[in-house]
Colleague: 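Below is one structure. I have some questions about it.
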There are 2 protein chains.
Amino acid sequence: MIKLTYAEENYLKAIYELTEAGKKSTSTNDISAWMKIKPASVSDMLRKLGEKTVIDYRKYYGVHMTEEGKKLALRIIRKHRLWEVFLVEKLKFSWDEVAEVADELEHVQSPTLIQRLDEYLGFPKFDPHGDPIPDEFGDVRSRPRIALNEIELNGSGQIVAVKDSSAAFLRYLDKVGAYIGARIKVLEKVEFDGSIEILVDNKKTIFMSKDVAGNILVMQ
Amino acid sequence: MIKLTYAEENYLKAIYELTEAGKKSTSTNDISAWMKIKPASVSDMLRKLGEKTVIDYRKYYGVHMTEEGKKLALRIIRKHRLWEVFLVEKLKFSWDEVAEVADELEHVQSPTLIQRLDEYLGFPKFDPHGDPIPDEFGDVRSRPRIALNEIELNGSGQIVAVKDSSAAFLRYLDKVGAYIGARIKVLEKVEFDGSIEILVDNKKTIFMSKDVAGNILVMQ
DNA sequence: ATTATTTTTTAGTGTTGGCTAAAATCCTAT
DNA sequence: ATAGGATTTTAGCCAACACTAAAAAATAAT
């Protein structure tokens, strides 16, 4: 059984997120920028994670995750997302406050705890940001999604997730009235700057820039 | 603002528990035995905690807690006990399983989290072992309690806490049907070995040794 | 009161995980 | 093909916290 330290878990989660987002492999610098840890420190840790066979590491080349590593990463992500659901659903945190706390809670070691928490929350399939929660075997039921700015004129769908989970962005979405689960329809697409106008839940219209729309994921 | 590391928090909690139980001061060896960390390591940590002014440390003499230290220790104990309530009440852990998990959860740093958790649990005043939960200012409403083996013949009361919280002891209590909140009456006291017979909730009689009775606290 | 024993502290070591500075390697542009 | 720049790695350092072995202080026993 592979045992990871707190720091190693954080690296593995980061690597998983980067390789999922930007496909196959990730560079030392990417990880460094993402985790705000100097490249030299990252190099050192990659060597260690390579020795533990959770990543595939060849010097000067990018990092790939091994099957073992993916399993462990998904276990951490599962914990993180379940705690996020708990914080929002039960403790009434707003969705922009949960990341930090969940980053700590995700490291608590107790399989029983996670299993019971899952049960207590009613086996949720998605976290408050719309991201899927892996099951205990690491299986993920992801929904086909498309960025909001890529929906055609008069196209409709439902907001299911956000790409950018920064507190600032989430607060902005709250303010304008966009939320996970909202049903939307694209009323106008401005050629000039790519901004769009959408109808939310058939009652409110919102203008948003191309940047904002590009960070909102919709299921059609 | 004094910042403590994970390890420092553990030491402080241990010292608080030892000085509360055995009164005033505690020795390096006591802490070493309690925490299962070698005396040499304890010495080193005491020096550090002394520098941070959370304990009063003079070489070769015992350790006393400072007011600052007590406040911090009570904050940790508050977190620990609130999580224990959560685990038992919401996640249906049995009371002998919670200590380990709560030992990890107690270190999560987020005042908001604890405040919301407290609220969510309905501001409980006692944890599943009957120990009082300090409020956010560190105030503790403790109940006057007496060990069960010191109750006089035909005396009665209610089980409010246990001294020994080891999983083995708690499982034993569960098996015989003693639990926090049970109303008891002492039916017999055996002079010879100090064992007693008690009536639980007016329906079940239990025999227990002096040792066991001495670890059960009763409110009269 | 002086020795013996126990307790506590100091000194030195190892591991984890960060850092800076310098070296090595890779990539790109001429 | 090679010089310049960017990226990555190595080397050496530091802090936190554990350990063992040895020294120092306190306590107990003769």
Side-chain angles (χ1 to χ4, degrees), chain A residues 1-15 18-19 22-65 69 72-73 76 103-104 106-109, chain B residues 1-15 18-19 22 24-65 69 72 76 103-104 106-109:
Chain A
M1 193 57 203
I2 296 171
K3 282 258 175 183
L4 298 182
T5 66
Y6 193 106
E8 285 168 347
E9 284 195 349
N10 277 333
Y11 273 94
L12 200 60
K13 195 183 81 166
I15 296 166
L18 288 171
T19 52
K23 324 287 181 259
K24 44 197 175 188
S25 89
T26 311
S27 73
T28 300
N29 257 6
D30 288 348
I31 299 167
S32 165
W34 180 253
M35 298 186 73
K36 287 172 188 149
I37 289 174
K38 292 285 134 72
S41 309
V42 174
S43 266
D44 210 52
M45 183 57 95
L46 293 182
R47 187 185 45 69
K48 282 197 279 186
L49 290 175
E51 282 167 12
K52 289 200 175 182
T53 71
V54 294
I55 60 171
D56 200 345
Y57 174 57
R58 271 162 53 231
K59 286 186 210 170
Y60 295 105
Y61 286 73
V63 193
H64 297 254
M65 308 224 39
L72 289 171
I76 301 161
D103 275 341
E104 290 194 59
E106 76 191 9
H107 299 290
V108 174
Q109 302 288 6
Chain B
M1 193 57 202
I2 298 170
K3 282 258 174 183
L4 298 181
T5 65
Y6 194 106
E8 286 167 346
E9 284 195 350
N10 278 333
Y11 273 94
L12 200 60
K13 196 183 81 165
I15 295 166
L18 288 171
T19 52
K24 44 197 175 190
S25 90
T26 311
S27 72
T28 300
N29 258 6
D30 287 349
I31 300 167
S32 165
W34 180 252
M35 298 186 72
K36 286 171 187 150
I37 288 174
K38 292 285 134 69
S41 310
V42 174
S43 265
D44 207 53
M45 183 56 95
L46 293 182
R47 187 185 46 71
K48 282 196 281 183
L49 290 175
E51 281 167 13
K52 291 200 174 182
T53 71
V54 294
I55 61 171
D56 201 347
Y57 173 58
R58 271 163 51 233
K59 286 186 208 173
Y60 296 104
Y61 286 73
V63 193
H64 298 254
M65 309 224 38
L72 289 172
I76 301 161
D103 275 340
E104 290 194 59
E106 77 191 8
H107 298 290
V108 175
Q109 301 289 5

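So you know, we letter chains A, B, ... as the sequences are listed, proteins then strands, and number each from 1.
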Colleague: Under 4.0 Å: is that the gap between some side-chain N or O of Y57(A) and OP1 or OP2 of dT9(D)?
Modeller: yes
Colleague: Who are the side chain to side chain contact (heavy atoms under 4.5 Å, CB included) partners of E106(A), not counting sequence neighbours?
Modeller: N10(A), K13(A), I76(A), K79(A), H80(A), D103(A)
Colleague: Between C1' on dA18(D) and CG on L46(B), what's the gap in Å once rounded to a whole number?
Modeller: 14 Å
Colleague: Below 4.5 Å, heavy atoms only, C-beta onward: do E9(B) and L72(B) meet side chain to side chain?
Modeller: no
Colleague: For residues 56-64 of chain B, which side-chain donor-acceptor pairs fall under 3.5 Å, sequence neighbours excluded?
Modeller:
none

Colleague: Return each pair, listed once, that meets side chain to side chain donor-acceptor pair (under 3.5 Å) where at least one residue sits in residues 28-37 of chain B; pairs must be two or more places apart or across chains.
Modeller: S27(B)-D30(B)
Colleague: Could you tell me the separation between the CD1 atom of I15(A) and the CG atom of L12(A), rounded to the nearest 0.5 Å?
Modeller: 6.0 Å
Colleague: Name the pairs: protein N/O against N/O of nucleotides 14-16 of chain D, kept only if under 3.5 Å.
Modeller:
none

Colleague: How many Å lie between CZ on R47(B) and C1' on dA18(D), as a whole number?
Modeller: 14 Å
Colleague: Looking at T28(A), does any N or O in its side chain come under 4.0 Å of the phosphate oxygens OP1/OP2 on dT9(D)?
Modeller: yes
Colleague: Starting from the first five and the last five pairs of the helix from dA1(C)-dT30(D) to dT30(C)-dA1(D), work out the angle between the resulting helix axes, to 10 degrees.
Modeller: 10°
Colleague: Write down the protein N/O and nucleotide N/O pairs, taken from nucleotides 20-28 of chain D, whose separation is under 3.5 Å; answer none if there are no such pairs.
Modeller:
{"unit_1": "dA25(D)", "atom_1": "O4'", "unit_2": "Y60(B)", "atom_2": "OH", "d": "3.4"}

Colleague: Distance-only criterion, 3.5 Å: show the donor-acceptor pairs between side-chain atoms of residues 48-55 of chain B and protein atoms not counting sequence neighbours.
Modeller:
{"unit_1": "E51(B)", "atom_1": "OE2", "unit_2": "R47(B)", "atom_2": "NH1", "d": "3.2"}
{"unit_1": "K52(B)", "atom_1": "NZ", "unit_2": "K3(B)", "atom_2": "O", "d": "2.9"}
{"unit_1": "K52(B)", "atom_1": "NZ", "unit_2": "E8(B)", "atom_2": "OE1", "d": "3.0"}
{"unit_1": "K52(B)", "atom_1": "NZ", "unit_2": "E8(B)", "atom_2": "OE2", "d": "3.4"}

Colleague: Mind checking ring pair (Phe, Tyr, Trp, His ring centres under 6.0 Å) for Y6(B) and listing every partner two or more places apart, or none if nothing turns up?
Modeller: H107(B)
Colleague: Any non-hydrogen side-chain atom of M45(A) less than 4.5 Å from a side-chain atom of M35(A)?
Modeller: no
Colleague: Reading DNA chain C 5' to 3', which nucleotide is the first, and which the last, to come under 4.0 Å of any heavy atom in chain A?
Modeller: dT16(C) to dC26(C)
Colleague: Search all heavy atoms of T26(A) against all heavy atoms of I31(A) and return the closest pair with its distance.
Modeller: CG2-CG1, 3.9 Å
Colleague: Please report the distance, rounded to the nearest Å, between CG in D30(A) and P in dA6(D).
Modeller: 16 Å
Colleague: Taking only residues two or more places apart in sequence, or in another chain, which ones meet A40(B) in a side chain to side chain contact (heavy atoms under 4.5 Å, CB included)?
Modeller: none
